[in-house]
Amino acid sequence: MGEEGKKDDADYKRLQTFPLVRHSDMPEEMRVETMELCVTACEKYSNNNESAAKMIKETMDKKFGSSWHVVIGEGFGFEITHEVKNLLYLYFGGTLAVCVWKCS
Amino acid sequence: MAPKTAARRMSGIPQPTARTTRKRDEDTGPDVGEGADEWTQAKTLLKPPDQLELTEAELKQEFTRILTANNPHAPQNIVRFSFKEGTYKPISFVDQLAVHFSLVGNMIPKDSDEGRRQNYRAEMTSESSQEDMEVQPSEAEGGEGGEGGKEGEPKEAESQGEVLAAEEVAEGEAEVEVEEVITPKKPTERKLTNQFNFNERASQTFNSPLRDRECQMEPPPRATFSATANQWEIYDAYMYELEKQEKTKEMEKSKGPVAKKTGMRTRRKMTSLESQSDDITKVTQAAKIVERMVNQNTYDDIAQDFKYYEDAADEYRDQEGTLLPLWKFQYDKAKRLAVTALCWNPRYKDLFAVGHGSYDFMKQNRGMLLLYTLKNPSFPEYIFSSECGIMCLDMHVNHPYLVAVGYYDGNVAIYNLKKPQSQPSYKSSAKLGKHSEPVWQVRWQKDDMDNNLNFFSVSSDGRIVSWTLVKNELMHTDIIKLNVEGTTTEGPEELNVYTIGCGTAFDFHKQIDYLFLVGTEEGKIYKCSKTYSSQFLDTFEAHNMAVDAVTWNPYHSKVFMSCSSDWTVKIWDHTIKKPMFVYDLNSAVGDIAWAPYSSTVFAAVTTDGKAHVFDLVINKYEAICNQPVVAKKKNKITHVQFNAIHPIIIVGDDRGQVTCLKLSPNLRKMPKDYQLGNSGGWNGEGRAEGREIKQGAISVGPGEKRNAERDSGKRREGRWLAWLSPASQNPTFFLPCPVQRACVPSSGS
């Protein structure tokens, strides 16, 4: 059982490398860009969520104007107020949840 | 007495000044004036004791003295010991400055430290003494007034007055001093207003009114969103996504075969849709239906003719028939390209393929492969254009979407109608052993032992090549090389140089798998076997010019037909070297085709624009239909094909036009159901068959009249013998009764 579990885990990790958008009201183009950015950041700082979030936030500020907020973590709950068309909530890498939104 | 006068002058001058000052400046005047007088009175000339007593002349004597900057007392020859040189050295520069008098003054510059300090101190004191200062002038005035009053008094107390005056002078001096000290700070004080002509005024203007303006923007719309992220939710989401992906994959997989089975037609449409851009594909399905509807309306009369019209004149025309032109198929881009090949689709009976190219050696350019359907005569269903002229094509029986094509440049290719691209799916190349001359015919074969698709091609380069589609690649195998027998020439060093026979047409036997016929440019027809690559089974000296087509009878396994540019059509039994029938059509015969419904009916087309239909049962010497079928006389007909189920033929001309013609009832007489009784005692088919035909061929001449009589007697029933093909158990070939009669004794003997 244990071995199987390990194998499954490995399979799972291997399979779940793609970003899975849970919720987004962004326009298509923006969403794709943000998704790519999230993937890049999470891969670059795979063991430092804070740095990843910082990178995403700063890049988003630069690209789409200021006051972006980013939350990255393995488990959290949230209720946020965001400007419409400016929210992306996705899962990445099988364990991470990334929430990016804009609110000034 | 100059000093005296000078003294007098000196004493005289101050007097008026003293008076004037007294008048002018009353506060100091009287005492000073008195003092001055006193001073002049007491004045005596004082002489220094050592003054020389000089006479007038001596005094007038002038002495000239020149003042220089040199100090006459300065020493001229100072020496100093130089330790450096160890000697005394004179010093050239001597100080010429002599100080005669120096006095330390009590004045200090304003800007100096001390001056500033003094200023500061004075300011401090001035503030405190401001009131005293203001009081002083009135006191002074009072004093003045008092003094003015005293002026007129006698000078009794002159001595007292002197003392007082001295005191006052001292006071005045002190005052002056105080004033001097104060003056520098005065400018810093505000200017005192003149109390006599001073008037204070003020006015107020209106303030410009202020007004508040404000506006509020609608805030950008916001929304709230809440969720909880944790490991199991993420996991579930991913698992769900994976499942979905797998499902879609399966859907795609299962979609393929289902669609293949259920709706080939829709799929066919889909493939054509895919070739166009996405936004158009949405409406193409509907557009296609509408197009067909429009065509149906436009060509309604033709469709009616196709379905129901039968030429009533046939009844009275004594066996002869006519061809009724139906649709004409033309495509703008293929207007100048001759029809070089025609082929009905084996599965979709309304669909046919047209190959366009050129037979003119000098005018070779591009080619086209078009597929038309009878349902839409106005536009091709599929369009493929190629850089090289297409010379032949064939459609696969089991895979009706595969079209094998031979090009003028010697290449062969396979087009897949399912694939939307305009290029062939597979194409031979120079590396893959393509032909070096135009490919004149291609023909699909049964799948080989490994279930690979394969087809044959024949070309002017004398090779007959089998092409096999192995793993998406065309593999070639040379089946036979056409070497003209007896023309081998002995080259040097025992090198045999063969004259190559140029293959122009071939056909494969319907039942005997290995057997096939090859027509050549020299007019010979070779009977070949797929298994022997070096030699021919038989050679027919068939024509004097190039063989244009050779084709086996679909029902009778021994009979084949050939046509040539030497104006003839010949019908052969492959076991006999001489033709059974020879028809001269007075023009080069472009193509021939056996009818699918009767073994005795065939059509031939000639370059003079005529189509000839023969029914050997009815007339063995002349065509029962002989009809020009092209609009212009110039147009040459190049190809003809029978439809498998409908009574129509298509003919193609060298202007790119394909015409569909309906056969009148006389031209499509089906053989009567064969009667077993009539074929009684018939068992040795193979042996007898050959003989029959031989007999038939021989008996053509003498039997002609009788045959014609019988035909005209409209009683054919009893005089036909149905030959039973052991393989198909179907009526295959019918021979007229004279033949049968002739044969009976021979079989009996």
Side-chain angles (χ1 to χ4, degrees), chain A residues 5 8-27 31 35 38-39 42 49 52-53 64-104, chain B residues 211-259 270-287 419-421:
Chain A
D8 280 356
D9 271 3
D11 275 357
Y12 176 71
K13 282 249 169 96
R14 185 172 51 78
L15 285 170
Q16 267 65 12
T17 50
F18 57 92
L20 182 58
V21 176
R22 291 295 288 169
H23 181 84
S24 173
D25 59 356
M26 285 181 178
R31 195 183 68 222
M35 249 168 69
C38 290
V39 170
C42 290
N49 291 341
F64 301 105
S66 61
S67 61
W68 283 88
H69 311 272
V70 180
V71 175
I72 299 181
E74 297 191 349
F76 57 90
F78 60 90
E79 167 146 347
I80 53 160
T81 302
H82 63 95
E83 286 178 23
V84 292
K85 306 266 179 205
N86 285 301
L87 170 72
L88 177 69
Y89 178 46
L90 59 85
Y91 293 158
F92 175 72
T95 54
L96 281 183
V98 182
C99 186
V100 183
W101 79 97
K102 178 179 178 171
C103 184
S104 45
Chain B
R211 198 176 290 168
D212 285 342
R213 277 282 168 93
E214 57 192 25
C215 70
Q216 194 163 14
M217 208 185 65
E218 202 178 318
R222 292 184 176 183
T224 53
F225 172 68
S226 60
T228 317
N230 48 38
Q231 287 307 298
W232 48 94
E233 271 190 12
I234 295 174
Y235 183 86
D236 287 350
Y238 268 107
M239 284 333 235
Y240 179 72
E241 180 68 20
L242 280 180
E243 261 177 41
K244 220 164 68 181
Q245 279 177 6
E246 270 170 29
K247 261 184 197 169
T248 50
K249 260 185 207 168
E250 274 173 25
M251 283 283 278
E252 272 170 21
K253 270 184 192 168
S254 58
K255 234 181 192 176
V258 169
M270 286 301 287
T271 51
S272 64
L273 296 185
E274 280 161 17
S275 63
Q276 290 155 4
S277 62
D278 286 337
D279 45 344
I280 296 177
T281 50
K282 287 170 192 164
V283 293
T284 20
Q285 186 71 25
K419 301 247 172 86
Q421 77 255 29

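Lettering of chains follows the sequences in order, A, B, ..., and the numbering in each one begins at 1.
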Chemist: Among residues at least two apart in sequence or on other chains, which ones pass side-chain contact (heavy atoms from CB on, under 4.5 Å) with B:Tyr240?
Modeler: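 If we apply the side-chain contact (heavy atoms from CB on, under 4.5 Å) test to B:Tyr240, skipping adjacent residues, the hits are B:Lys244.
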Chemist: Answer yes or no: is there a donor N or O on one side and an acceptor on the other, between the side chain of B:Gln231 and the main chain of A:Glu74, under 3.5 Å?
Modeler: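 Here the side-chain-to-backbone pair exists.
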Chemist: As an exercise: rank A:Leu96, A:Val71, A:Val84 by heavy-atom pairs under 4.5 Å with chain B and give me the winner.
Modeler: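 Ranked by heavy-atom pairs under 4.5 Å with chain B, first place is A:Val84.
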Chemist: For residues 18-26 of chain A, dump all side-chain donor-acceptor pairs below 3.5 Å to protein atoms at least two apart in sequence or in another chain.
Modeler:
residue: A:Ser24; atom: OG; partner: A:Met26; partner atom: N; Å: 3.2
residue: A:Ser24; atom: OG; partner: A:Leu87; partner atom: O; Å: 3.3
residue: A:Asp25; atom: OD1; partner: A:Asn86; partner atom: N; Å: 3.3
residue: A:Asp25; atom: OD1; partner: A:Leu87; partner atom: N; Å: 3.0
residue: A:Asp25; atom: OD2; partner: A:Lys85; partner atom: N; Å: 3.0

Chemist: Do any N or O atoms from the side chain of A:Tyr91 and from the backbone of B:Glu233 form a donor-acceptor pair under 3.5 angstrom?
Modeler: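 Checked: no pair found.
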Chemist: Applying a criterion of heavy atom separation less than 4.5 Å, what residues of residues 97-104 of chain A form contacts with chain B?
Modeler: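 At a heavy-atom separation under 4.5 Å, chain B is reached by A:Ala97, A:Cys103, A:Ser104.
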Chemist: Heavy atoms under 4.5 Å from chain A: which residues of residues 220-229 of chain B carry them?
Modeler: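 Hits under 4.5 Å: B:Pro220, B:Pro221, B:Arg222, B:Ala223, B:Thr224, B:Phe225, B:Ser226, B:Ala227, B:Thr228, B:Ala229.
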